[in-house]
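These notes concern the structure reproduced below.
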Protein chains: 2
Amino acid sequence: MKPKIEDVAKLAGVSPTTVSRVLNNRGYISDKTRDKVQQAMNELNYFPNDVARTLFNKRSNLIGLILPTTANPFFGELTFHIENICASLGYKVLLCNSLNQVDKEEKYLEMLLRNQVDGIIVGTHNRGILDYHKQGLAVVAIDRYLSETIPVVSSDNYDGGKTATELLIHNQCQCIVLIDGIGELETPARLRRKAYMDLMEQHRQTPIIYEIAEVFEQNSYIPILNDLFTEHPEVDGVFATNDLFAAALWNEAKKRNKSIKVVGYDGTETLRTLLPELTTIKQPIKSLAEAAIDILIKEIEEELPDLPLETKLPIKLIKGTTA
Amino acid sequence: MKPKIEDVAKLAGVSPTTVSRVLNNRGYISDKTRDKVQQAMNELNYFPNDVARTLFNKRSNLIGLILPTTANPFFGELTFHIENICASLGYKVLLCNSLNQVDKEEKYLEMLLRNQVDGIIVGTHNRGILDYHKQGLAVVAIDRYLSETIPVVSSDNYDGGKTATELLIHNQCQCIVLIDGIGELETPARLRRKAYMDLMEQHRQTPIIYEIAEVFEQNSYIPILNDLFTEHPEVDGVFATNDLFAAALWNEAKKRNKSIKVVGYDGTETLRTLLPELTTIKQPIKSLAEAAIDILIKEIEEELPDLPLETKLPIKLIKGTTA
DNA sequence: CTGAAAGCGCTTACAG
DNA sequence: CTGAAAGCGCTTACAG
């Protein structure tokens, strides 16, 4: 059996209260007692049981992370940074891949609640109207509006969409197509599309939009890209709202020997190692993670007064050779 | 405050014992009582506190997952599958990105122990001689020998290395270089190198090996690749033991207008969307996840008799255009 | 400076 | 079929 505080107390010849005190460095303890206790802990290879602590303290130091899937490199990198920063602050991460499915997301939310997480970071993009604020839980969203009161962190999506579209226009493209995820209401990421629409109008070009479900499965994008090339053979510029779409489009264009300008979105390390030629809008992934955690911890610590409800971080154009 | 079992009991006019019984569907309860209790739970929006349950049951249904980083698409996809399967079985995943640093790994291990995880899946590759079996904890390793008694799950690394090297030989390459991670002792993944060495000898070619640290940072591979091209301008074939190395090499070769055959390793969905032309050895990532969890659960349930100590899953050659 | 007691929210023998 | 009591491993007032 694992040793418990009582075992340590017995071995050290003190009371459990005293052991708890040295564990938490709380109250007065004589150096002699402290040493005795520490020795006993070492001898027994004692680790405190955080479950028991959580039960008493009503603080689990657990953060729930809900996102579509770590298989997508953007979320894989975001997850890495979030977990990494959390660990450095003494928080632990309970991971949930919801695949954007509302039913899964609901189950995960309940699971996190049962496990007494101190807060939740939500990075999914479905339309579920989940009541994330029930139980007065601390919540922060990445690129998604959950409710009036839940803070949102995102890259400057409008500026990203604008920069990408402007570059294509600057490249003299005459027929610029947007490839976007399937219609979501009121996602901040929708601003990428908004910027594209605005610029198309401004330059008197017709917006053409293709929507692809983000299923993260190989080749699942190809049928829609086929449609695109069939229906708009004149396409000479594409802004894709994520790099996987952009890469799929680029590879299909190469197959067809089509000369085309392409700009993606996300700019993950993975993309830049695998396909450095892709011109893309880089999100500040690490900063997004930092900002989200910063806000979440403020909520947990109940520093509600200075909670920024909307945080927008700057994007950066990464020039490859595709535009 | 969150409602607790006592609140439900009061509202339903029964004892906490009875509420617990309907919660766990255990022992006899009259339908009428069950209904009353269920109604009270709904009314109060009651969720059981899993922390309290864990404390009593000595079962957390928590699995610790330690790996280098989810920012690497192989681990991102592996993590997705592991978490996904765990969720379907009622287990929750506590994520740890160790970046292959021994000190971090040790801290994570202690953290997982304190949190009373039921088991740990280890996918890191450092040389740390961690005592993972202390406390009689259930452990399974992916592609790594931890100790004599800890089961290992991996792809058929030797076959992968053999298939890749044979393909390059078959492509008439005269100077075949291996790009591998930095020397690790006794990793199953080392068999990829072993197969390369064996085949080089068999075909009377000189093995040439370049080692790169897996730091997962953009452009960090380039200096070593520069060395490779300078020191061995005659190189006409490369087997890289992961796709990120392979892609970096391929992109550098293109820059230099060098015609070269390249085979990678891993074959993630991400790779195949971003760089489908890369010929690679595909690991069965989902099957690896399934096998690891299957074994871990056997350990947790103490079905020790039929624990396979070594599980090798078949790889598959994916033919792109690079070899 | 140290300890006995009560309690965090559950569950499970044990009685009835 | 139902309930009172004890206990999971901790921590924190409260006394001394």
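Chain A is the first sequence line, chain B the second, and so forth, proteins listed ahead of strands; every chain is numbered from 1. Given the structure is predicted, the values throughout are model-derived calculations rather than measurements.
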Completion exercise
Writing each nucleotide of DNA chain C 5' to 3' as (, ), [, ], | or . by Watson-Crick or G-U pairing under 3.5 Å yields |||.||||||||.|||
Practice task
Nearest 0.5 Å please: distance from the SG atom of A:C96 over to the CG atom of A:L67.
Solution key: 8.0 Å
Handout entry: Whole-Å distance separating the CD atom of B:E6 from the C1' atom of D:dA5
Key = 14 Å
Fill in the blank from the handout: Here the distance between atom P of C:dC8 and atom CD of A:Q116, to the nearest Å, is 14 Å
Handout entry: Contacts of type side-chain hydrogen bond (donor to acceptor under 3.5 Å, both in side chains), residue B:S30, not counting sequence neighbours
Key = B:T33
Practice task
Take atom CG of A:N25 and atom C1' of C:dC1, then tell me their distance rounded to the nearest Å.
Solution key: 15 Å
Exercise for the section: Figure out the CG/P separation between B:N57 and D:dG9, and round it to whole Å. Expected result: 12 Å
Problem - Spacing between B:K58 atom NZ and D:dG9 atom C1', to the nearest angstrom - result: 8 Å
Problem - Pairs meeting criterion salt bridge (charged side-chain N to carboxylate O under 4.0 Å, His left out) with involvement of residues 59-86 of chain A, two or more places apart - result: A:R59-A:D118, A:R59-A:E301
Problem - side-chain hydrogen bond (donor to acceptor under 3.5 Å, both in side chains) partners of B:Q38, counting only residues at least two apart - result: none
Problem - Which residue lies more 5' along DNA chain C, comparing A:F56 with B:V19 via nearest heavy atoms - result: A:F56
Practice task
Pick base, sugar-phosphate or nothing for A:D50, based on heavy-atom distances below 4.0 Å to the nucleic acid.
Solution key: nothing
Problem - Between D:dC10 (P) and A:R26 (CZ): distance, integer Å - result: 16 Å
Practice task
Just jot down the side-chain hydrogen bond (donor to acceptor under 3.5 Å, both in side chains) partners of B:R21, sequence neighbours excluded, or say none.
Solution key: none
Handout entry: Whole-Å distance separating the CZ atom of B:R53 from the P atom of C:dT11
Key = 5 Å
Problem - Proximal nucleotide (of C:dT11, C:dG9, D:dC8) relative to the A:K4 side chain - result: D:dC8
Handout entry: N or O in side chain of A:Y46 less than 4.0 angstrom from D:dG9 OP1/OP2
Key = no
When you compare the protein's N or O atoms with those of nucleotides 2-4 of chain C, which come within less than 3.5 Å of each other, and at what distance?
| from | atom 1 | to | atom 2 | distance (Å) |
| --- | --- | --- | --- | --- |
| C:dT2 | OP1 | A:S30 | OG | 3.3 |
| C:dT2 | OP1 | A:T33 | OG1 | 2.3 |
| C:dT2 | OP2 | A:S30 | N | 3.1 |
| C:dT2 | OP2 | A:T33 | OG1 | 3.4 |
| C:dG3 | OP2 | A:S15 | N | 3.0 |
| C:dG3 | OP2 | A:S15 | OG | 3.2 |
| C:dG3 | OP2 | A:T18 | OG1 | 2.6 |
| C:dG3 | O6 | A:R21 | NH2 | 2.4 |
| C:dA4 | N7 | A:T17 | OG1 | 3.4 |
| C:dA4 | N6 | A:T17 | OG1 | 2.7 |

Problem - Atom-to-atom span, CE of B:M41 to P of C:dC10 - whole angstrom - result: 11 Å
All N/O donor-acceptor pairs, side-chain side in residues 283-294 of chain A, below 3.5 Å, sequence neighbours left out:
| from | atom 1 | to | atom 2 | distance (Å) |
| --- | --- | --- | --- | --- |
| A:Q283 | OE1 | A:S155 | OG | 3.1 |
| A:Q283 | NE2 | A:D266 | OD1 | 2.9 |

Handout entry: Nearest-0.5 Å distance that lies between atom CG in B:L112 and atom OG in B:S60
Key = 10.0 Å
Exercise for the section: Please collect all salt bridge (charged side-chain N to carboxylate O under 4.0 Å, His left out) contacts where either partner lies in residues 24-37 of chain A, sequence neighbours excluded, each pair once. Expected result: none
Got a list of side-chain donor-acceptor pairs under 3.5 Å for residues 5-14 of chain A, not counting sequence neighbours?
| from | atom 1 | to | atom 2 | distance (Å) |
| --- | --- | --- | --- | --- |
| A:E6 | OE2 | A:K10 | NZ | 3.4 |
| A:D7 | OD2 | A:K4 | N | 2.7 |

